[in-house]
Amino acid sequence: MAPTHEVENQAPPLVGYDVYGADAALVEGVERHGASWANERLLSLGRLAGTEESQEWGRLANVHPPELHTIDRYGNRADEVEFHPAWHSLMEVAVSNGLHASSWVESSPNSFRPGAQVARAAAFSVWSQVEGGHGCPISMTHAAVPALRVDPKLADEWIPRLTSYTYDPGLRPPQDKAGCLAGMGMTEKQGGSDVRTNTTRAVPQPDGTYRLTGHKWFTSAPMCDMFLVLAQAPGGLTCFVLPRVLPDGTRNTFRIQRLKDKLGNRSNASSEPEFDETVAWRLGDEGRGVRTIIEMVMMTRLDCVIGTTSLLRACVSQATHHARHRQAFGGYLVDKPLMRHVLADLAIESEAATALMVRLAAATDNAGDEKEAAFRRLGLAVGKYWVCKRGPAAAAEALECLGGNGYVEDFPMARIYREAPLNSVWEGSGNVNALDVLRALAREPQAVEAFLDEAGAAVGADARLDKAVADVKRELSDTSEVEVRARRLVERMALVLQGSLLVRYAPPAVSDAFCASRLGGDWGYAFGTLPPGVDSRSIVERATPKVG
Ligand SMILES: Cc1cc2nc3c(=O)[nH]c(=O)nc-3n(C[C@H](O)[C@H](O)[C@H](O)COP(=O)(O)OP(=O)(O)OC[C@H]3O[C@@H](n4cnc5c(N)ncnc54)[C@H](O)[C@@H]3O)c2cc1C
């Protein structure tokens, strides 16, 4: 058949580049926080993330979502989930690169390595740009470790399995596996944020174990080897270790009723399991369930910040790459002043998130220091709220930069857009996080002090930042109608924190545009409304991935 036309003026696919090396803000952040020792492996992971093959795994794992098999062909309960090979390829890379464990392997309570959390955050953010869904079990496995430390026996048993760099899928006795993964079961039908309404019962047994009966409404990655689960014991809400296969090789009762049909995150399986006399081991004291699992939640909240930072970076990469290659009205889109303002605005959002992400990871590294721990307490709740809130708006705008192609499933933006709201929903939805900030403000004066010290560390460098910090200080001391003001307050806290970091560490073009728009108020409601004077050309140039 004779061709009717040549295909022209389409941007080439964004492949064949180093996702890490191309991200100047991230490379500089890694160096700033003493983690450049990980550069070689980050560059190698970045190159892998930029390959066509990796990108194709991301696509395939989402167009072939997991399948639940409740019953086997003989009529026995199976409760297994089957994944496309692409999912396993993504998991293999994630686990073999230690994205679920490197911070604990590199740095432990006995042997501290500066920057271990920062290096892991950078790696997780680079590889999540390939695909977001498989980050869920990776993140939960990473996060389970500090919670497990509350019980030395369970920690000795499980931490070596969870920190192995071997991906060994399949339900088999944990002691026979080369590596295990962990999930988490808190949310029930009648309440997610309000976990104290959990109705799953836990009955103590003479051998020291418990039997759990009840349901969970969301339990992601049900093929994990073990779960940290909340249930009501005689002494109140308690945390448990619940394995899918018992040490004697028999299956623990874990009836998967169905998998959720989700907006995005389609590669990942999110299940509704029922427990029926399911065997579990108590982790921490009875009645201390929230206190115990909060260690895990703190880590998954950091991963929500990392996940959305990764998503924002993917948005900027796709949008700037497209604009650099696509022509309209006689010139490249990137040279059109209005489009450049949109791209620059997105790039600033991404860079602000990156600076905050590495700072929060560094605070996690240094949580042995009282002041850093205090900063982390407030900074994490503020960061989780704000960075995750920016995801959907930025994804919509980046999608539009690709025009009609952005709306089509063949291109990555549609999937990125569907993934964008999730990090704000789970691990503490927006309001719940904002209220958590209020709790810290009311009860932890040292956290407020550490936060204000960090926000004020650039004092004198930019008048707009100075004024914004002074305004936040004033707002913090106003306790009237504080619950209704929570979102406004947290948003402003996040902006002064990001402003302080950018003024100290980002190129002047970036920090100037951030301060003018986000702090100085010279900004509209949509992305692309930066004031005329900003140096959008150099901001966009810095953010554009260099391919080839
Ligand atoms: C894809 C996906 C996977 C998930 N995986 C897991 C998992 O593996 N394990 C697990 O345990 N959970 C999981 N979840 C559940 C998730 O953590 C909860 O959905 C989330 O915490 C919110 O709980 P909820 O759905 O019960 O909503 P609710 O708690 O009912 O909240 C509804 C809304 O009300 C707001 N709200 C709540 N309290 C207040 C208040 N006091 N004041 C003002 N506003 C308030 C919330 O911010 C939210 O916007 C998953 C969710 C999704 C979408």
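Whatever order the structure lists them in is the order used to number ligands and atoms, beginning at 1. Numbers here are sequence positions counted from 1. Nothing here was measured: the structure is a model prediction, and the numbers come from that model.
Under the ring-ring contact (aromatic ring centres under 6.0 Å, His included) criterion, no residue pair touches residues 430-450, with sequence neighbours excluded.
Contacts of ligand 1 (protein heavy-atom distance under 4.0 Å) are M184, G185, M186, T187, G191, G192, S193, F218, T219, S220, K262, S270, L422, V425, W426, E427, S429, N431, V432, L435.
Counted within 6.0 Å of OH on Y417, heavy atoms from surrounding residues, nucleotides or ligands total 12 or fewer; the atom is thus considered open. No more than 12 heavy atoms of other residues, nucleotides or ligands sit less than 6.0 Å from atom CD of E400.
For the side-chain hydrogen bond (donor to acceptor under 3.5 Å, both in side chains) test, no residue two or more places apart in sequence or in another chain qualifies with R485. Listed by chain and number, the residues in a side-chain hydrogen bond (donor to acceptor under 3.5 Å, both in side chains) with R161 amount to none (sequence neighbours excluded).
Judged purely by atom type and a 3.5 angstrom limit, T200 uses its side chain to pair as donor or acceptor with the backbone of H215.
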